[in-house]
Amino acid sequence: MTILKTIAEWRPRVPFYYGWLILAMSAVGTYAATGATQLVIGGVQNFIFEDMGWDRSTIAYAVTAGTWASGLLTPFVGRLADRYGPRGLMPLAAFIAGGCFFAIAGIQAVWQFYTAYIIARAIANPMLVGVVPRTAAVD
């Protein structure tokens with residue numbers, strides 16, 4: 001148990017104020033999560049329509065379900081961030097969201113898109129954009 005505690009309490013030595021490193025990592029996490037945001041899906045949805053032959057409501061349902069899933073997951077993520085800190089949550093979320101983005105790149109069916117996009121959005125919003133980076137900033 002002491003090894004896990006040592007790892008959790010480790011801080012890199014930097015030649016500047018450590019808070020700037022936290023801010024930079026929060027910005028990188030937010031950037032990584034932009035693939036699951038409305039701005040990106042709004043920019044690429046026409047390509048998805050042309051490539052897959054889907055209508056606009058197909059994408060809208062996925063965005064809506066992902067937003068709802070994110071909203072339902074946020075209180076639990078906030079509790080985890082308060083209890084364990086953001087250090088482990090952000091890399092985990094980046095790994096899961098990245099895997100979902102790779103899955104989206106190779107989709108062949110609507111259910112695959114729904115599964116990957118909803119998971120990416122539900123995980124990325126609270127853990128890379130919302131609650132967890134803000135917890136890191138005030139922690």
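These values consider heavy atoms only, across backbone and side chains, with no hydrogens, waters or symmetry-generated copies.
- To the nearest 0.5 Å, atom OG of residue S70 and atom CE of residue M127 are 11.0 Å apart.
- Atom CE in M90 sits 4.5 Å away from atom OG in S26 (nearest 0.5 Å).
- Note on L92 and L73: same hydrophobic cluster, where clusters join Ile, Leu, Val, Met, Phe, Trp and Tyr whose side-chain heavy atoms are under 4.5 Å apart, directly or indirectly.
- Between L128 and I123 the shortest side-chain heavy-atom distance does not fall below 4.5 Å.
- To the nearest 0.5 Å, atom CD1 of residue I48 and atom CZ of residue R56 are 11.0 Å apart.
- For T115, the side-chain contact (heavy atoms from CB on, under 4.5 Å) test picks out W111, I119, with sequence neighbours left out.
- V110 and V63 fall within a single hydrophobic cluster, where Ile, Leu, Val, Met, Phe, Trp and Tyr are joined by side-chain heavy atoms under 4.5 Å apart, directly or via other members.
- Taking every heavy atom of both residues into account, P86 and P91 meet most closely at O-CD, 4.4 Å.
- Distance check, rounded to the nearest 0.5 Å: OH of Y114 to CD1 of I59 gives 7.5 Å.
- The ring-ring contact (aromatic ring centres under 6.0 Å, His included) contacts involving residues 86-109 comprise nothing, where partners must be two or more places apart or lie in separate chains.
- Of all heavy-atom pairs between I107 and M52, the closest is O-CE, 4.0 Å.
- Scanning for side chain to side chain donor-acceptor pair (under 3.5 Å) contacts around D55 gives S57, T58, with sequence neighbours left out.
- Applying the ring-ring contact (aromatic ring centres under 6.0 Å, His included) test to residues at least two apart or on different chains, the pairs with a partner in residues 41-71 are W54-F113.
- In this structure, the side-chain contact (heavy atoms from CB on, under 4.5 Å) partners of V129, at least two apart in sequence or on a different chain, are T30, A33, N125.
- With sequence neighbours excluded, no residue forms a side chain to side chain donor-acceptor pair (under 3.5 Å) with T64.
- When hydrophobic clusters are built by joining Ile, Leu, Val, Met, Phe, Trp and Tyr residues whose side-chain heavy atoms come closer than 4.5 Å, directly or via intermediates, L72 is not grouped with I118.
- Using a 4.5 Å cut-off between side-chain heavy atoms of Ile, Leu, Val, Met, Phe, Trp and Tyr, with links allowed through other members, Y117 and I96 fall into different hydrophobic clusters.
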